[in-house]
Each structure stands twice: as C-alpha cells, then as structure tokens.
Trainee: 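Can you keep this structure in mind? I'll have questions shortly.
The structure displayed is predicted, hence computed values, not measured ones. FYI, the numbering just counts along the sequence from 1.
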Amino acid sequence: MKLAVVSAGLSSPSSTRLLADRLTAATLDHMEASHEVTVVELRELATEIAQHLVTGFPPARLATALDTVAAADGLIAVTPVFAASYSGLFKSFFDLIDKDALTGTPVLVGATGGTARHGLVTEHAMRPLFTHLRAPVVPTAVYAASEDWGRAGLARRITRAGTELARAMGSVTPTTRHADPQDVVPDLDTAAAIAPRSPTGAITSTDPANGLGTTSFAQRLAALQAG
C-alpha cells in the first residue's frame, strides 16, 4: 500500500508538517498491510511549481512528486490557512495534478491556522477541491488552531481521521473493524470525540468549562517537538 503525504507548510519547523506527521502516524497505527510512505514538502518544490505553471513542463523533482501522488493508494493533504482558504502553493500543486489521477483515491485533509475562526476551511475549501478531482474525502477532516496543540480534542480527531483513512484504503488492523461505522476508535466515546466550541461558537479542542488557557503557541509547538 502506498501512502502519499503532501505538506504545504512554509516554515521550518512547521505546524503544518507536524499535523501531517501526526495524521500519518495515526493512519499507520491502524493499517495491517505493508505500506510505503512518501512525504512531499511543497516548500521545497515552490520554484519548480512556478516553472511548470509557466512552461507547461515539470522539472524532474516535481514530476517525481506528481507521479508519487498519482500512484498513491491513499493521500494525506495538509495546508496552512491563507486568506480563509488553502494556500496558493497548495492549490498550485494540485492544479498540476492530472484531472483523472486521483479518481477514487481516498484523501484525508487537514489544515492549520492561528485561530479557531478558520475551522471550517477544510469543509468550504479543501473538501470541494478534492471532490472536483473525484477523490473521496474521509468524513473527519482535522483543523488545528494554535490553541489546539497539546489538547485531547485534537488528538482524538487525529486518531479518528487516521482510522477512517486506513479503512478507506482497505487496510485496517483487526481492532478497528467494527459493525458500527461510527465506532472507529476503540474505547472512545463518539460524543466525547466531537470538538467542543469556544464562547464565540468556533470549533476548538479547548473545553470552555476548563478555561481557555494562556500557553503560547510557540511554547506548545516546542514542547511537542521535544516530546
């Protein structure tokens, strides 16, 4: 089984790449078949993507990346939020994918942003993009705001999404096969896995009953990388 992971993060370290890695690990945890994982870092291909858009011919590295995504049995695609949507680099890369290349390929989408207000970017921007490419998107999309990192709600959504992708790829461990399709995470109360909402109504993994917390995003990211 071939799993392709596309990360559109621009910085290093990148919270977008961190989310992509967490989603990959969650997917692999629930796959029983042998697997091959290839990560495509778009920031390393930015020049080649621009050249291809202008000339119509992909440089060798970009051609390899496009072939990797087209040949995958499953895809994880993660982007930072720009102007309330996916980044231009992310869109430009998938503009170069052949219109039939992802037909039937299951996709797990994720996004990162500084505020929970952009939590629906996976639904109003990313899901329609892959639907246009005729790629089925798994039910659970994962958006991670700065305040979400290190909180249980995000971890539960990542686990659920990874399990769904493994199931969609047709390769799941016996412990994740359930009669009830809603019960995709062992010993996990489905209702508890739904992210709570902030006082403004935005989706977040912060539980208002426990306070909103004041730990900075930089501190959270550093702690996660150290772990």
Trainee: So, taking the atom named CG in L108 and the one named CD in E164, what distance separates them when rounded to the nearest 0.5 Å?
Mentor: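 Output value for this atom pair is 7.5 Å.
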Trainee: Between the side chain of H118 and the main-chain N/O of A84, is any donor-acceptor distance below 3.5 Å?
Mentor: no
Trainee: May I ask whether L28 and L18 are part of the same hydrophobic cluster, defined by side-chain heavy atoms of I, L, V, M, F, W, Y residues being less than 4.5 angstrom apart, directly or through others?
Mentor: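 Cluster IDs for L28 and L18 match.
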Trainee: Roughly how far apart are H35 NE2 and T24 OG1, rounded to 0.5 Å?
Mentor: 10.5 Å
Trainee: Before you tell me yes or no, could you show the steps for T16 and S7 under side-chain hydrogen bond (donor to acceptor under 3.5 Å, both in side chains), namely the whole-Å CA-CA distance, both residues' side-chain angles and the distance that decides it to 0.1 Å?
Mentor: CA-CA 7 Å; T16 301; S7 171; 5.7 Å; no
Trainee: Going through the distances and angles, do E147 and T115 end up as a side-chain contact (heavy atoms from CB on, under 4.5 Å)?
Mentor: CA-CA 8 Å; E147 67 208 47; T115 172; 5.6 Å; no
Trainee: Hey, would you say the F130 and F94 ring centroids sit under 6.0 Å apart?
Mentor: yes
Trainee: Within the side chain of S14, is there an N or O that forms a donor-acceptor pair under 3.5 Å with the backbone of L10?
Mentor: no
Trainee: For A8, is there any backbone N or O sitting under 3.5 Å from a side-chain donor or acceptor partner on E41?
Mentor: no
Trainee: Should L23 and V6 be counted in the same cluster of Ile, Leu, Val, Met, Phe, Trp and Tyr side chains packed under 4.5 Å apart?
Mentor: no
Trainee: Keeping R127 on the side-chain end and P139 on the backbone end, is there a donor-acceptor pair under 3.5 Å?
Mentor: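 Yes.
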Trainee: In residues 64-72, what donor-acceptor pairs under 3.5 Å come from side-chain atoms, sequence neighbours left out?
Mentor:
unit_1, atom_1, unit_2, atom_2, d
T64, OG1, A60, O, 3.1
T68, OG1, T64, O, 2.9

Trainee: So how far is it from K91 NZ to L129 CG, rounded to the nearest 0.5 Å?
Mentor: 6.5 Å
Trainee: Is it true that, when you exclude H132 itself, more than 12 heavy atoms of the residues, nucleotides or ligands shown sit nearer than 6.0 Å to its NE2?
Mentor: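 No.
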Trainee: Any link between F82 and V109 through a network of hydrophobic side chains (Ile, Leu, Val, Met, Phe, Trp, Tyr) touching at under 4.5 Å?
Mentor: yes
Trainee: Just wondering, do L19 and V142 contact through their side chains at under 4.5 Å, heavy atoms?
Mentor: yes
Trainee: Any side-chain heavy atom of L45 sitting closer than 4.5 Å to one from V40?
Mentor: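 Of all side-chain heavy-atom pairs linking V40 with L45, at least one is under 4.5 Å.
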Trainee: Should E36 and M1 be marked as a side-chain contact (heavy atoms from CB on, under 4.5 Å) after you check the CA-CA gap, both sets of side-chain angles, and the distance that decides it?
Mentor: CA-CA 6 Å; E36 175 186 335; M1 302 291 286; over 6 Å; no
Trainee: Rounded to the nearest 0.5 Å, what separation is found between the CZ atom of R160 and the NE2 atom of H30?
Mentor: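 Rounded to the nearest 0.5 Å, the CZ-NE2 separation comes out at 12.0 Å.
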Trainee: Rounded to the nearest 0.5 Å, how far does OG of S85 lie from CZ of F90?
Mentor: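 Those atoms lie 9.5 Å apart.
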Trainee: What's the shortest heavy-atom distance between V138 and A161, and which atoms?
Mentor: CG2-O, 4.4 Å
Trainee: Quick check: is V137 connected to L102 through a chain of hydrophobic side chains (ILVMFWY, heavy atoms under 4.5 Å apart)?
Mentor: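 Yes, same cluster.
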Trainee: Looking at every heavy atom in both I76 and V78, which two are closest together, and how far apart are they?
Mentor: CG2-CG2, 4.0 Å
Trainee: How close do M169 and P106 get, heavy atom to heavy atom, and via which atoms?
Mentor: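 Reported closest heavy-atom pair: CG-CG, 3.9 Å.
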Trainee: To check you understand the geometry: which heavy-atom pair defines the closest contact between A116 and Y143, and what is its length?
Mentor: CA-CE2, 4.1 Å
Trainee: How far apart are the closest heavy atoms of I49 and S92, and which atoms are they?
Mentor: CG2-CB, 3.7 Å
Trainee: Looking only at heavy atoms, what is the nearest atom pair of A141 and E123, with distance?
Mentor: CB-OE2, 3.5 Å
Trainee: So does L154 get a backbone contact from the side chain of R22, meaning a donor-acceptor N/O pair under 3.5 Å?
Mentor: no
Trainee: Any heavy-atom pair between the side chains of V5 and D21 that's under 4.5 Å?
Mentor: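 The answer is no; the side chains never approach within 4.5 Å.
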Trainee: Roughly how far apart are L53 CG and L96 CG, rounded to 0.5 Å?
Mentor: 5.0 Å
Trainee: Quick one, L62 with F93, criterion side-chain contact (heavy atoms from CB on, under 4.5 Å). Give me CA distance, side-chain angles, the key distance, then yes/no.
Mentor: CA-CA 9 Å; L62 177 58; F93 177 78; 4.0 Å; yes
Trainee: Less than 4.5 Å apart, side chain to side chain, heavy atoms only: is that true for M126 and T79?
Mentor: yes
Trainee: Using the test side-chain hydrogen bond (donor to acceptor under 3.5 Å, both in side chains), find all partners of K2 that sit at least two apart in sequence or belong to another chain.
Mentor: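 Residues passing side-chain hydrogen bond (donor to acceptor under 3.5 Å, both in side chains) with K2: none at all.
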